[in-house]
Asks: 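Here it is, the structure in full.
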Amino acid sequence: MQHNSYSLHNLRTLPQIGSLSEDQIREIEIAGSVLPFKVNNYVTDRLIDWSNVPQDPIFIATFPQKDMLPSEDYEMMKILHESNASSYVIREAADEVRSRLNPHPAGQVQYNAPVFNGRKLYGIQHKYRETMLVFPAEGQTCHAFCTFCFRWPQFTGTEEFSLSYKSMDMIVQYVRAHPEITDVLITGGDPLMMKSQVLAKYIEPLLAHDLPGLHTIRLGSKLLSHWPYRLTTDNDAQSTLNLFRRISQSGKHLAFMAQFNHPVELGADVVKEAIARILDTGAIIRTQSPLLRHINDSPQIWAETWRRQIALNCIPYYMFVTRDTGAQHYFSVPLVEAWRIFKEAYQDTSGLCRTVRGPSMSCLPGKVEIVGPAEMSGERVLTLRMIQGRNPDWVDRPFFAAYDEDAAWYDELRPAFGAEKFFFQDELDTMLEEGDTDVGFE
Ligand SMILES: *Cc1c(COP(=O)(O)O)cnc(C)c1O
């Protein structure tokens, strides 16, 4: 398939544009001047059901909607557009709205880069003992910008914190000096935006050097849901698969971490073909998805997604709670409701789907899973558990928050039983004060 891409500047050339009213197009243009979007013809031709627009979940995931902006901000942008304000004025106003929507400025990762041999290592994150994240410079863009993903610092100011393959010597030394690292996760953006030759420059050094403690290379990608042709008919499909095979043949495990938001993304023959090709290299595919209002906020959708994944030999891995950035008010699902959706989907599937973990929040102390509500000593509580922790000793310890139907993120929860803080808080404060820790995105 020939690749065509659509964003704000050529929105009106989209073949399906006639399915939208002039008002709907204007709304996308106004909201889209703040929330960046980019989409390709696989998504518009194969995934979006245009007869179901504007309710269609993939349409919502793709095109910015009026309600994704706070209403005052939308109205302000609308006035600027309608008064034919200059592109400079519109951009300034948009930047101001963005800075309020995204509390995680670009410099943060740079600030938190780990220090090694007296030098800061840009472009890696080592928050959890076993797993190091690598952000290759050329991989900090994506097959499509989803409306719920607010990573534009990543899509614009890449050189600030991403890594060049020229630094791979340092990374190899770092992994060697940290034998507790069993997993390197190459992430983005989407690392499969890189041509295979470029991707190889990040992966080959990890295979060529003697790193006996390193067992797994993970690649986080949404190519299966957004451009499966990357591994079927694209020019370097075969060389990419050959690279995957070299990982397996070197004795390391390749975990392909695939993002799917909706079962419709698992329906096309080309997806099945791409999945089969990945598996044929010896890799395993694990899947993850955020829970999103208007897109997949029902147990039926999740159960169907997991079942289809099992049928295609993929392993359900994570349900994430949408993080507290961007258009969170539009997409967020309160934690108790998230648990209910998860539980009903989990109850409705066989044990083979129940490898999935979640709903989970990636937050400051670690990855916090919502185990569910309970009543203890006459108090309603929300049971939580850390599935990753800054201190490995925190992992798998249950802890309890006061029951709260409305809380949608970790920082809105209060400890149960009148406690002042959660069990890890003092240690966390010390870690952050000492500043010798990688604070990561949080
Ligand atoms: C989720 C995450 C990982 C991987 O955790 P697993 O439980 O091994 O999947 C590693 N580093 C960071 C910063 C993460 O957020």
Side-chain angles (χ1 to χ4, degrees), residues 47-49 52 54-62 65 67 146-149 222 224-225 257-268 271 275 285-324 327-362 367-375 380-385 387 398 401 403-410 412-413:
L47 301 186
I48 294 177
D49 173 2
N52 186 32
Q55 283 81 32
D56 182 79
I58 308 299
F59 175 78
I60 293 171
T62 303
Q65 310 291 307
D67 293 340
C146 301
T147 48
F148 51 83
C149 175
K222 62 178 192 181
L224 287 172
S225 52
M257 315 300 292
Q259 163 128 1
F260 292 102
N261 303 321
H262 195 279
V264 75
E265 296 168 339
L266 289 144
V271 180
I275 288 174
I285 301 172
R286 294 182 192 271
T287 63
Q288 53 192 42
S289 336
L291 172 60
L292 299 159
R293 182 75 77 204
H294 306 293
I295 293 179
N296 60 19
D297 55 337
S298 88
Q300 292 75 24
I301 290 177
W302 282 84
E304 179 64 16
T305 306
W306 296 336
R307 273 192 236 109
R308 284 195 193 188
Q309 289 170 355
I310 293 292
L312 295 172
N313 299 319
C314 301
I315 303 173
Y317 189 52
Y318 266 123
M319 174 199 272
F320 285 120
V321 176
T322 54
R323 41 169 319 120
D324 56 341
Q328 202 220 11
H329 61 280
Y330 184 86
F331 292 109
S332 84
V333 176
L335 303 176
V336 172
E337 187 184 345
W339 165 77
R340 201 172 291 125
I341 290 169
F342 180 86
K343 177 198 66 145
E344 286 176 20
Y346 196 84
Q347 288 178 342
D348 198 28
T349 51
S350 103
L352 294 185
C353 296
R354 296 183 189 166
T355 50
V356 69
R357 317 193 290 175
S360 308
M361 292 175 278
S362 286
K367 274 198 173 69
V368 175
E369 182 186 37
I370 299 135
V371 178
E375 191 153 326
R380 279 193 97 187
V381 299
L382 199 53
T383 309
L384 307 165
R385 170 176 92 105
I387 49 184
Y403 185 83
D404 184 339
E405 286 268 344
D406 301 323
W409 194 249
Y410 156 81
E412 294 162 32
L413 292 173

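Throughout, numbering of the chain's residues begins at 1 and tracks the sequence. Predicted model only: the values in this text are computed from it and were never measured.
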Asks: Take Q328 and Y330, measure what side-chain hydrogen bond (donor to acceptor under 3.5 Å, both in side chains) needs, and give me the verdict at the end.
Replies: CA-CA 5 Å; Q328 202 220 11; Y330 184 86; over 6 Å; no

Asks: Return yes if some donor-acceptor pair links the side-chain N/O of R385 with the main-chain N/O of P398 below 3.5 Å, else return no.
Replies: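 Answer holds: no.
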
Asks: So, the side chain of E304 versus the backbone of Q300: is there a donor-acceptor pair under 3.5 Å, distance only?
Replies: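 Not confirmed, E304 side chain does not pair with Q300 backbone.
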
Asks: Test your reading of the model: is there a side-chain donor-acceptor pair from W339 to the backbone of V371, 3.5 Å cut-off?
Replies: yes

Asks: Just checking, any donor-acceptor pair under 3.5 angstrom between side chains of Y318 and R357?
Replies: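 On atom types as modelled, these side chains qualify, holding a pair under 3.5 Å.
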
Asks: Using a 3.5 Å distance criterion without hydrogens, assess whether the side chain of N296 forms a donor-acceptor pair with backbone atoms of N261.
Replies: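 A pair under 3.5 Å: yes.
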
Asks: Ignoring hydrogens and angles, tell me if any N or O in the side chain of S225 forms a donor-acceptor pair with the backbone of E265 under 3.5 Å.
Replies: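 Side chain of S225 to backbone of E265: no pair is present.
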
Asks: Is it the case that the side chain of S289 and the backbone of M319 share a donor-acceptor pair, with hydrogens and angles ignored and the cut-off at 3.5 Å?
Replies: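 Here the side-chain-to-backbone pair does not exist.
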
Asks: So, using side chain to side chain donor-acceptor pair (under 3.5 Å) as the criterion, who are the partners of S360 when residues are at least two apart?
Replies: none

Asks: D297: what forms a side chain to side chain donor-acceptor pair (under 3.5 Å) with it, not counting sequence neighbours?
Replies: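 Here the qualifying residues are R293.
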
Asks: Would the distance check show the side chain of W306 and the main-chain N or O of R354 forming a donor-acceptor pair, the cut-off being under 3.5 Å?
Replies: no

Asks: Is the shortest side-chain N to carboxylate O distance from R340 to E344 below 4.0 Å?
Replies: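 No.
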
Asks: So, T147 side chain and A61 main chain: donor-acceptor pair closer than 3.5 Å or not?
Replies: yes

Asks: Look at the side chain of S332 and the backbone N and O of H329, then say whether any donor-acceptor pair between them is shorter than 3.5 Å.
Replies: no

